[in-house]
Asker: 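Below is one structure. I have some questions about it.
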Amino acid sequence: MAELLAVCRVYVLHPDPGTVGVTAIDKRPVEGRVKVRPYGLYADVQADRANHGGLDQAVYAYAQEDADHWSVELGREVTPGLFGENLRISGLDVNGAVIGEQWRIGSALLEVTQPRTPCQTFGRRLGEQRWVRRFTQANRTGAYLRVVENGDLGAGDTVDVVHHPLHGVTVADWFGAQYGLARAAAGSGSAGSADSTGADDAEAPSPESLEELAQRLLNAHAAGEVRLSVDMHRRSEQAASRAVVD
């Protein structure tokens, strides 16, 4: 059973040398139940609203299993909110969530929209060498969510997957295809299942290209199976036409 372990909101704004001048990435757990509205959690905020937040990136979820992976890699605990996430979830493969998948948490209904693309603010937050590159290559991005139904949620709530689109393109599929990455095994400490000999790679099916995944998403969007975020729709159209994806 998947469970919401922590709900995190901005704790304090910090000065940042980026273009905005401040960052709201310092999220920390709060007690009690928290209201969820179209633009995210009540009393939360995003400093760089051009690249974070909005209706399609209202809430950011990260899996405890992926946090555990990074705790080993970094040699320190990855506490809820350290990665700037709003929801820390256990027992659910967040990276394996299908774009458009819907989760019922408390009385709120949330929908997976896209992976998180790490930025330099995130790198400065962690203070680890080559952090953006390392986070990208691990393909453990977590997922952005839109709010389908307002409600409230709190630590200890179950996370129920109530809708699973048939197109099958997951958060990790899309992000991996963008950057030529292997899919991180759910709950695993490695980014792939093959051993050092590469024997398993020979038996594994070849991943679909970004163009193929993009066309599947566009077809599903056109059929009303999924409502792509503005960013995902743009990227899918670019990829489907073999344009360079930024």
Asker: List the residues meeting side chain to side chain donor-acceptor pair (under 3.5 Å) with D44, not counting sequence neighbours, and say none if there are none.
Answerer: K27, N86

Asker: Take N139 and N95, measure what side chain to side chain contact (heavy atoms under 4.5 Å, CB included) needs, and give me the verdict at the end.
Answerer: CA-CA 8 Å; N139 199 3; N95 305 307; 5.9 Å; no

Asker: Report the C-alpha distance between E101 and W103 in whole Å, list the side-chain angles of each, state the deciding distance to 0.1 Å, and finish with yes or no for side chain to side chain donor-acceptor pair (under 3.5 Å).
Answerer: CA-CA 7 Å; E101 185 174 296; W103 304 344; 2.8 Å; yes

Asker: Between E65 (side chain) and G91 (backbone), is there a donor-acceptor pair under 3.5 Å?
Answerer: yes

Asker: At what distance, to the nearest 0.5 angstrom, does CZ of F175 lie from CG of L213?
Answerer: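 Rounded to the nearest 0.5 Å, the CZ-CG separation comes to 14.0 Å.
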
Asker: Testing the basics here: between D157 and L153, what is the closest heavy-atom pair and its distance to 0.1 Å?
Answerer: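 So the two residues come closest at OD2-CA, 3.3 Å.
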
Asker: Could you check whether any side-chain N or O of S107 sits under 3.5 Å from a backbone N or O of D152, counting only pairs where one atom can act as donor and the other as acceptor?
Answerer: yes

Asker: Show, in sequence, the C-alpha distance, side-chain angles and deciding distance for L110 and V147, and conclude whether the side chain to side chain contact (heavy atoms under 4.5 Å, CB included) test is met.
Answerer: CA-CA 5 Å; L110 308 176; V147 180; 3.9 Å; yes

Asker: Classify the angle between the aromatic ring planes of W70 and F135 as parallel (below 30°), tilted (30 to 60°) or perpendicular (above 60°).
Answerer: parallel

Asker: Which atom pairs, donor and acceptor, lie under 3.5 Å between side-chain atoms of residues 1-14 and protein residues at least two apart or in another chain?
Answerer:
| unit_1 | atom_1 | unit_2 | atom_2 | d |
| --- | --- | --- | --- | --- |
| R9 | NH1 | Y42 | O | 2.9 |
| H14 | NE2 | D26 | OD2 | 2.8 |

Asker: Examine distances only and state if a side-chain atom of Y62 and a backbone atom of R140 form a donor-acceptor pair shorter than 3.5 Å.
Answerer: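 Answer holds: yes.
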
Asker: Just how far is it from atom CG of L145 to atom CD of E111, taken to the nearest 0.5 Å?
Answerer: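 The distance works out to 9.0 Å.
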
Asker: What are the two closest heavy atoms between S236 and L228, and how far apart are they?
Answerer: OG-CD1, 4.2 Å

Asker: Rounded at 0.5 Å granularity, tell me how far CH2 in W131 sits from CZ in F122.
Answerer: 5.5 Å

Asker: Quick one: does Q120's side chain get under 4.5 Å of V132's, heavy atoms only?
Answerer: yes

Asker: For the side chain of T170 and the backbone of A97, is there at least one donor-acceptor N/O pair under 3.5 Å apart?
Answerer: no

Asker: Quick one: are M232 and L217 in side-chain contact, heavy atoms under 4.5 Å?
Answerer: yes

Asker: Quick check for you: to the nearest 0.5 Å, what is the distance between R125 atom CZ and C119 atom SG?
Answerer: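 The CZ atom of R125 sits 12.0 Å away from the SG atom of C119.
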
Asker: Please examine the side chains of E149 and R104, heavy atoms only from C-beta on, and report whether any two atoms are closer than 4.5 Å.
Answerer: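 In short, these two side chains touch, coming nearer than 4.5 Å.
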
Asker: Run the side chain to side chain contact (heavy atoms under 4.5 Å, CB included) check on K35 and L41 step by step: do they pass?
Answerer: CA-CA 6 Å; K35 294 179 181 179; L41 304 185; over 6 Å; no

Asker: Checking side chain to side chain contact (heavy atoms under 4.5 Å, CB included) for the pair V226/R216: CA distance, chi angles, key distance, verdict?
Answerer: CA-CA 11 Å; V226 66; R216 284 168 61 188; over 6 Å; no

Asker: Is any side-chain heavy atom of R76 less than 4.5 Å from a side-chain heavy atom of S71?
Answerer: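 The answer is no, as the side chains (C-beta and beyond) never meet within the 4.5 Å cut-off.
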
Asker: Search all heavy atoms of P29 against all heavy atoms of P80 and return the closest pair with its distance.
Answerer: CD-O, 3.6 Å

